[in-house]
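The structure under discussion appears below in the form of structure tokens.
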Protein chains: 2
Amino acid sequence: MAIPPEINVGLLGLGVVGGGVATGLLQDGAVSRQVGHPVTLKKVLVRDPGKPRDTKLGPELVTTEPQEVLSDPDVHVVAELIGGVQPTLGFLKQALSSGKHVVTANKEVMAKHGLELLTLARQNRVSLLFEASVGGGIPIVSCLSNQLAANEVRSIRSIINGTTNYILTQMAYQSTPFPDALRQAQELGYAEADPTNDIEGFDAAYKIGILASMAFRRPVSPEEVYRQGISGLEPQDFLYAQELGYAIKPLAIAGLEDGGVCARVYPALVPFGQVLAKVDGAYNAVEVEGSLCGKILFHGMGAGREPTTSAVIGNLIEIGRSMVSPSGIGSSGGLDTLVDAEAGKQPWATPGIRPIDGLMSSYYLRLNVADQPGVLALIAQILGQGQISIASVLQKGADQSAQTAELVIITHPSREDSVRKSILKIADLTVVKRVNNLLRIEV
Amino acid sequence: MAIPPEINVGLLGLGVVGGGVATGLLQDGAVSRQVGHPVTLKKVLVRDPGKPRDTKLGPELVTTEPQEVLSDPDVHVVAELIGGVQPTLGFLKQALSSGKHVVTANKEVMAKHGLELLTLARQNRVSLLFEASVGGGIPIVSCLSNQLAANEVRSIRSIINGTTNYILTQMAYQSTPFPDALRQAQELGYAEADPTNDIEGFDAAYKIGILASMAFRRPVSPEEVYRQGISGLEPQDFLYAQELGYAIKPLAIAGLEDGGVCARVYPALVPFGQVLAKVDGAYNAVEVEGSLCGKILFHGMGAGREPTTSAVIGNLIEIGRSMVSPSGIGSSGGLDTLVDAEAGKQPWATPGIRPIDGLMSSYYLRLNVADQPGVLALIAQILGQGQISIASVLQKGADQSAQTAELVIITHPSREDSVRKSILKIADLTVVKRVNNLLRIEV
């Protein structure tokens, strides 16, 4: 297939995520640089062109007629950001059938019709990518498909619905009753006016169905996922669970049990020692256990405009790279752009190297000092001259025989070179026997 | 490029990782199924063919002559698992120059000569993939290159040397002095006889250099990474840090500071509230902060035969897929194999669906019961009849006016269907006012 002079992207939908993707495509050519070829936003399907939006598009880019995207032979890639099955399924089928690559963030349509759509993609020799359908900005779909492909997957344990995780976190830490926690989530925009999809586990069932289908190479439909919602939980459940050593978390799990796939969504008790017990608020996490890789955990923001945009544009870049790369070459990805940068081919703004001297950090300083009055004052004076202020001090374990004590000083953020200079002066003090350690503090 | 009837892989090295990769390639066609095309182990370069090994290879597969791999036109992909720069760099250059795709696990050669090798790959229109060079089984290299490509990376904070993390974990939890902790790590095979490479931060500097080069599209050489080793730490540093609310962790960091890349490797204090503070033992973790995705954390086993094999074979599968896929189609990855499975094209053993009835789990049961003697005995009797044994019981908050109490029961692992049947019987007891909740416990 000849490489078009520009890769034209058509968007279906200009909502929260669609707006983010449109903005990303219009921004300073970053996507084109990553692909190594011009990528252009060609047309955006909207329902109401008069609606006020954050994303300002020229009127020539906007249409209310689906065929202006789907039937335009110059649109090479369609990104579907409408959601739901109707009318989206028909749009996706038409796009694939007419030889367009497709990126979608639509978990419901992938969970219910994924195999059908992927088969259509295969028949038409185009790509269908759907990273954003599960886990927002967390690249779990691609990793399961590709990087972890050497593994027999044993289990997937995840928190992939941020709404219910937010609600359960409120119930756990604030003892908020369920109806109040739900209302808070709605006020913050985490939950929809009709929250059924989240709190009854449908959303998580779509997502774990998609992950299970990939991991176990067997279509797992949403009806095959066991669901229990969270509305039956009360604050005392969290108190009792805590007393027994557990957090209560909204889990989505798929595993091989006796040779069959068992997929399920429910609130469950998780021992405090496990990482999943510490995934709070609107965060998502997915733990994959594979035959070779062991347990790998992915943790990040699972929803929202920007993380989802990250996943959608990541897929668009992947398709763009495959379109411009000769057959047989797997992308070396970001480092290909590095080769471009070195070759002067791409106008990357290449940053310089900053030596550590200019680093701003808090520091931990441990000194052996004479056990006598006035020592701290001497040290504090030197630090003060270097514009280094002290956050806290511990005096420790005086050694009676040697008449020395240990002094631990934590500084406020200071410049590395200034700290080093001051340490040299401090080491020269006769009351300072030894500078034991100087460590940085990462906050 | 025509697709060869078999994709032939040549291995350089049959050590810990080489043995794992050879075993994976010889095993029951799993790699071929993932690629959708036969993938064959053609030849393995070893230094001493007489050395006893776990991995049994026919003598026709083994050679001590590099050119039997590098000059064989039937070898399409070379996987380099020797390590170090000499003689490896020459092998890699020859492989790329003669049009072979290359997979390497070699952090040192990629850190020191990555750009040169990638340029050579580009000139010869072949792939060079190196997922296993950083983070073992954690797919951080590919994610930075591809899935996160829509982001401007702001920082990478990581624990990517398992040896030093193991040593610092021992020092923190057991107050083990450094020399003893190092000796333990050597006895367990985590540290080498000459541990300099790990404890002085060279290994981590190679790895963060590779990640920083990708993230900031600027070659960051190992010499440009600031290093501080861990041998100066003493057990009391961990005690004082703990008192102040910090863990001490062997960090490798790269960030944009004032428009320049500052990359550094040192032990640092990390507040207990941060996930990195909880990454213990030989585990690795990498946190990427991107302009869109926010903070994403990857956590898993960063070294060892099997995780590294997972990464190397994952790269081999990626190259294989790109070799058999027509130009312009990005792989839909694992779901492509699903399409195959449905079409009856691939002999996958497709698992069935297991309903939740057969699940073995511990359960949390909360009941409202009459506040009178003998209630627990009645309930325990029903559970016992269902082969469900009780792990612990909490009795809570008697309601004086209603004369009821709350009973929380945790069971040992039991079958879901049996638990449900028993709950129905328990709900029928006149002393049981209400079954408030039944939740599963994920251990």
Might you point out which heavy atoms bring A:I248 and A:P267 nearest each other, and give the distance in Å?
-> CG2-CB, 4.2 Å
Lys NZ or Arg CZ of B:R440 over A:Y266 ring: under 6.0 Å, within 45° | yes
Do you know which of A:G273, A:S392, A:G260 has the most heavy-atom pairs with chain B at a distance under 4.5 angstrom?
-> A:G260
Looking at A:L394, A:I317, A:N151, which one has more heavy-atom pairs under 4.5 Å with chain B than the rest?
-> A:L394
So is B:R366 actually on top of A:Y240's ring, under 6.0 Å and inside 45° of the axis?
-> no
Interchain contact, A:I353 with chain B, by part (heavy-atom threshold 4.5 Å) = both
Do A:E234 and B:N437 have a side chain donor and acceptor closer than 3.5 Å?
-> no
With a 4.5 Å heavy-atom cut-off, do A:I210 and A:F130 have their side chains touching?
-> yes
Verdict with supporting geometry, B:V270 and B:R157, side-chain contact (heavy atoms from CB on, under 4.5 Å) | CA-CA 11 Å; B:V270 182; B:R157 305 195 316 152; 5.6 Å; no
Could you have a look at B:M301, B:E257, B:E131, B:K249 and say which one has the most heavy-atom pairs with chain A under 4.5 angstrom?
-> B:E257
Which bit of A:S291 comes within less than 4.5 Å of chain B, counting heavy atoms only: side chain, backbone, both or neither?
-> backbone
B:I356, part contacting chain A, at a heavy-atom distance under 4.5 Å | both
Between A:K396 and B:E243, is a side-chain contact (heavy atoms from CB on, under 4.5 Å) present by the stated rule, with each step listed?
-> CA-CA 12 Å; A:K396 285 289 173 180; B:E243 191 174 334; 2.7 Å; yes
Interface residue of largest heavy-atom contact number with chain A, from B:Q228, B:M360, B:K295, under 4.5 Å = B:Q228
Among A:P139, A:G290, A:G294, residue most engaged with chain B (heavy-atom pairs, under 4.5 Å) | A:P139
Take B:H101 and B:L128 through the test side-chain contact (heavy atoms from CB on, under 4.5 Å) and record every step on the way to the result.
-> CA-CA 6 Å; B:H101 301 289; B:L128 168 58; over 6 Å; no
Contact leader toward chain A among B:G358, B:S310, B:G137, where contacts are heavy-atom pairs under 4.5 Å = B:S310
Top contributor to chain B contacts, counting heavy-atom pairs under 4.5 Å, from A:A150, A:C143, A:A241, A:G300 | A:A150
Taking it one step at a time, do A:L297 and A:L276 satisfy side-chain contact (heavy atoms from CB on, under 4.5 Å)?
-> CA-CA 9 Å; A:L297 183 98; A:L276 285 178; 4.2 Å; yes
Among A:I313, A:T308, A:V261, which has the most heavy-atom pairs under 4.5 Å with chain B?
-> A:V261
Report the option among B:G320, B:A263, B:G314, B:C293 that has the most heavy-atom pairs separated by less than 4.5 Å from atoms of chain A.
-> B:C293
What residues form a ring pair (Phe, Tyr, Trp, His ring centres under 6.0 Å) with B:H299, not counting sequence neighbours?
-> B:Y283
Going by the side chain to side chain contact (heavy atoms under 4.5 Å, CB included) test, name the single residue among A:V324, A:V103, A:V35 that passes it with A:I319.
-> A:V103
Checking A:Q274 against chain B: side chain, backbone, both or neither under 4.5 Å from a heavy atom?
-> side chain
Given B:G352, B:P307, B:P355, the one with more heavy-atom pairs under 4.5 angstrom with chain A than any other is B:G352
Can you tell which part of A:L316 gets under 4.5 Å to a heavy atom of chain B, answering side chain, backbone, both or neither?
-> neither
For the candidates B:E287, B:K278, B:R305, which exhibits the highest count of non-hydrogen atom pairs separated by less than 4.5 Å from chain A?
-> B:K278
Do A:Q34 side-chain atoms and A:V31 backbone N/O form a donor-acceptor pair below 3.5 Å?
-> no
Under 4.5 Å from any heavy atom of chain B - which part of A:I441 | both
Option in A:N315, A:V288, A:L359, A:V408 with maximal non-hydrogen atom pairs under 4.5 Å from chain B = A:L359
So which part of A:L120 gets closer than 4.5 Å to some heavy atom of chain B, the side chain, the backbone, both or neither?
-> neither
